[in-house]
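Here is the structure we will look at, set down as structure tokens.
Residue numbers count from 1 along this sequence.
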Amino acid sequence: MAHNLLQGKKGIIFGALDANSIAWKTAERCVQEGAQIVLTNAPIALRMGEINKLAESCNAPVIPADATSMDDLNNLFTKSMEHFGGKIDFILHSIGMSVNVRKGKPYTDLDYDFYHKGLDISAMSLHRVLQTAYKLDALNEWGSVVALTYIAAQRVFPDYSDMADAKSMLESIARSFGYHYGVKNKVRINTISQSPTRTTAGSGVKGFDGFISYAEKMSPLGNASADQCADYTVSLFSDYTKMVTMQNLFHDGGFSFTGISQAVVDQMEK
């Protein structure tokens with residue numbers, strides 16, 4: 001059920017790849033709640049994914065942009081403001097990639113070229129997006145930026161490897177830029193630490209099925225779905241969360257604050 005939470009608002013959604021992705025679900029929810037959106041992803045991801053289907057259903061243009069390219073980001077924001085006829089109200093950063101994870105490199109034997117690339121794509125890209133918007137004065141007052149993260153930024157999940165470092169950097173950038181953008185233009189910047197979710201990207205992590213099963217048993221409410229994450233993201237884009245900024249918000253059914261659950265105890269005693 002829609003509540004017109006984003007009526008009249010305009011935003012950019014980074015990272016929608018296919019119908020399983022959180023960015024895809026969020027784009028649909030934003031439009032259902034009354035927003036106009038621009039969709040963007042790296043050119044190679046646009047070729048691999050199905051974003052044109054989403055663009056058609058959301059009546060949204062697709063503007064290719066490599067989030068590690070300042071020229072691409074300048075073009076994206078300039079063209080988005082031209083399309084909207086004004087400034088932007090919200091941004092979703094749903095970007096993450098580790099070549100080391102894809103190649104099965106253990107954390108104790110990382111390829112540093114891959115490591116640098118992963119940090120650039122997964123974390124520094126948020127700084128690039130924010131810096132571009134800041135310099136172009138692209139965001140309206142009380143605008144909202146949300147980036148997706150994972151609890152591996154705070155706790156060790158061995159096979160998450162260098163993506164954990166990238167998520168730690170991502171959360172730090174959100175806090176630091178959140179201060180500066182808040183002072184300048186009352187723009188708020190937050191990260192959502194989502195449950196493990198069956199997306200195309202998430203499923204690439206070794207042992208992912210076990211990961212999901214364990215989190216489900218540990219979480220009092222169970223794992224949060226991609227659709228539920230989209231709902232939560234919409235609430236952070238809305239005017240109901242104007243005073244929330246620089247936060248890492250756990251959206252994980254209580255996993256983050258559960259020491260051990262009875263379900264896990266029972267499993268271990270079998």
Is M246 isolated, or which residues cluster with it under the ILVMFWY side-chain rule of less than 4.5 Å, directly or via members? Y179, V183

What's in the same ILVMFWY side-chain cluster as M243, cut-off under 4.5 Å, chained through other members? W142

Please identify each residue that fulfils side-chain hydrogen bond (donor to acceptor under 3.5 Å, both in side chains) with S161, with sequence neighbours left out. none

List in chain and number order the residues that pass side-chain hydrogen bond (donor to acceptor under 3.5 Å, both in side chains) with Y107, two or more places apart in sequence or in another chain; answer none if no residue qualifies. D165

Name every donor-acceptor pair, under 3.5 Å, that has one atom in a side chain of residues 73-81 and the other anywhere in the protein, sequence neighbours excluded.
residue, atom, partner, partner atom, Å
N74, ND2, M70, O, 2.9
T78, OG1, N74, O, 2.8
S80, OG, L76, O, 2.7

Heavy-atom side-chain proximity of T26 to F237 below 4.5 angstrom: yes

Quick one: salt bridge (charged side-chain N to carboxylate O under 4.0 Å, His left out) pairs with a partner in residues 257-270, sequence neighbours left out? none

Return yes if some donor-acceptor pair links the side-chain N/O of S69 with the main-chain N/O of A65 below 3.5 Å, else return no. no

Which of parallel (below 30°), tilted (30 to 60°) and perpendicular (above 60°) describes F157 and F211? perpendicular

How would you list, by chain and number, every residue that makes a side-chain contact (heavy atoms from CB on, under 4.5 Å) with S172, sequence neighbours excluded? R175, S176

Which residues satisfy the side-chain contact (heavy atoms from CB on, under 4.5 Å) test with A263, sequence neighbours excluded? K217, S261

Could you tell me which residues satisfy salt bridge (Lys or Arg N to Asp or Glu O under 4.0 Å) with E216, sequence neighbours excluded, listed by chain and number? none

Count I, L, V, M, F, W, Y as connected when their side-chain heavy atoms are under 4.5 Å apart, and connections chain through other members. Are F90 and I173 then in the same cluster? no

Within the supplied structure, the quantity of interest is the number of heavy atoms (other residues, nucleotides, ligands) at a distance under 6.0 Å from E56 CD; does it exceed 12? no

Does atom CD1 of I260 have more than 12 heavy-atom neighbours, drawn from other residues, nucleotides or ligands, at distances under 6.0 Å? yes

With a cut-off of 3.5 Å and sequence neighbours excluded, list every side-chain donor-acceptor pair involving residues 6-14.
residue, atom, partner, partner atom, Å
K9, NZ, D239, OD1, 3.0
K10, NZ, G8, O, 3.4

For F114, the ring pair (Phe, Tyr, Trp, His ring centres under 6.0 Å) test, sequence neighbours excluded, returns none

For residues 27-39, run the donor-acceptor check on the side chains, cut-off 3.5 Å, and write out each pair with its distance to 0.1 Å, sequence neighbours left out.
residue, atom, partner, partner atom, Å
E28, OE2, W24, NE1, 3.2
R29, NE, D231, OD1, 2.6
R29, NH1, Q32, OE1, 2.7
R29, NH2, E33, OE2, 3.2
R29, NH2, D231, OD1, 3.3
E33, OE1, H3, N, 2.9
E33, OE1, N4, N, 2.8
E33, OE1, L5, N, 2.9
E33, OE2, H3, N, 3.2

